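Letters A, B, ... are given to chains in the order of the sequence lines, protein chains preceding strands, and every chain is numbered from 1. Small disclaimer: the values here were computed from a predicted structure and weren't measured.
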Number of protein chains: 2
Amino acid sequence: MISKKTKYALKALMALARNYSSQQPTQIADLAASERLPKKFLELILLDLKNEGLLVSKKGRGGGYRLARSPDLVPVGQVIRILEGTLSPLPCLSHRAYQKCEECLDEGTCAIRSVMKEVREATVRILDQTSLQNMLERAAATKPISFSI
Amino acid sequence: MISKKTKYALKALMALARNYSSQQPTQIADLAASERLPKKFLELILLDLKNEGLLVSKKGRGGGYRLARSPDLVPVGQVIRILEGTLSPLPCLSHRAYQKCEECLDEGTCAIRSVMKEVREATVRILDQTSLQNMLERAAATKPISFSI
DNA sequence: TTATAGACTATAAGTTCTATAGATTTTTAT
DNA sequence: ATAAAAATCTATAGAACTTATAGTCTATAA
């Protein structure tokens with residue numbers, strides 16, 4: 001189960017992706033309001049995303065946040081890795097956050113690890129092939145009513 | 001990331017699956033020792049699995065736990081659902097533990113939900129098609145040294 | 001030089017995770 | 001009958017993580 005923090009990050013990034021072509025930064029307060037996210041919590045999340053290179057910021061009047069690169073170059077998997085630490089269902093399967101299972105005698109023969117490896121691979125395949133841009137297109141495709149009236 | 005509790009449950013169930021043909025119950029203390037799991041914590045886990053119908057128990061001398069059915073009839077997915085509550089990466093995607101996302105205006109057009117639905121489906125596909133029996137076979141297949149000497 | 005907006009640090013309530021302790025109940029063997 | 005064995009049940013508690021909020025600091029633009 002992904003955390004609210006991760007979900008908030010994705011919501012905010014989607015909003016920034018929609019504004020990407022405008023070249024204008026979006027302020028935290030506006031993002032929080034439009035996406036209905038707690039403002040102070042969102043601050044921390046955006047800072048994190050900035051420190052990981054996904055966002056650029058500008059202080060002072062007219063400032064705010066922008067995507068550091070085009071929405072089609074931001075895989076959802078990368079976002080989740082930043083917020084959750086890893087995509088892996090087991091610590092002993094993670095590249096970024098590897099940790100040995102203390103009670104495990106032999107990783108090489110651990111069947112739990114073997115099954116979960118399949119899960120991780122399937123998850124990675126989906127999440128790293130889906131960009132913010134893909135997500136925007138999905139939302140548009142499943143929202144026909146806004147256009148048909 | 002699955003919890004230690006879930007991992008412990010799978011380890012214990014694998015051990016019980018290996019003993020299934022003997023028709024003899026295995027005691028908590030033996031399970032805890034052979035799988036290197038904290039005994040009192042394991043008690044709670046086994047009780048949970050019993051209440052969900054995966055295990056049968058017998059009290060008193062010669063008692064212990066046994067699988068309620070053949071290892072090939074126990075999907076890993078069911079075990080994880082019992083311990084984690086759901087396989088879903090989002091509360092709004094879970095059948096068993098559905099919860100609306102408060103900040104979400106429209107589930108039908110939520111792109112995060114749409115991508116995560118794919119992840120859930122891939123995960124379910126793997127975990128519900130893999131039984132305890134399959135796991136035992138995997139472990140045997142990846143452990144050739146024990147047999148080749 | 002003042003208002004604006006992000007950056008940073010601290011804190012804290014709430015929840016979940018991980019685990020242990022102790023008393024109780026059921027069953028078997030003697 | 002009774003003693004021993006083993007699961008069952010209830011309570012508790014520390015640690016970690018999640019989900020925030022508050023307040024101060026720093027950079028920028030008008």
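Residue B:S57 places its side chain closer to D:dA7 than to any other of D:dA4, D:dT21, D:dA7. With C:dT27, D:dC9, C:dC8 as the candidates, the nucleotide lying closest to the side chain of A:L47 is C:dC8. Of the listed nucleotides (C:dT9, C:dA19, D:dA7), D:dA7 has the atom at the smallest distance from the side chain of B:Q27.
Straight-line distance from the CG atom of B:N51 to the P atom of D:dT10: 11 Å, rounded to whole Å. To the nearest angstrom, P of D:dA20 lies 10 Å from NZ of A:K7. Distance, B:K40 NZ to C:dA23 C1': 9 Å, rounded to whole Å.
A:S114 and B:R138 form a side-chain donor-acceptor contact under 3.5 Å, judged by distance and modelled atom types alone. Side-chain atoms of A:Q99 and A:S94 include no donor-acceptor pair closer than 3.5 Å.
Taking CG of B:L87 as the start and CZ of B:R125 as the end, the distance is 13.0 Å to the nearest 0.5 Å.
The phosphate of C:dT16 (OP1 or OP2) has no side-chain N or O of B:K5 nearer than 4.0 angstrom. For the OP1/OP2 pair of C:dT18 and a distance below 4.0 Å, the side-chain nitrogens and oxygens of B:S3 include at least one atom meeting the criterion. When the side-chain nitrogen and oxygen atoms of B:Y8 are compared with OP1 and OP2 of C:dA19, one or more of them lie within a distance under 4.0 Å.
Across the interface with DNA chain C, nearest-nucleotide mapping of A:R61 and A:L44 shows A:R61 to be the residue nearer the 5′ end.
Looking at heavy atoms from C-beta onward, A:Y8 lies in side-chain contact with B:E103 at the 4.5 angstrom threshold.
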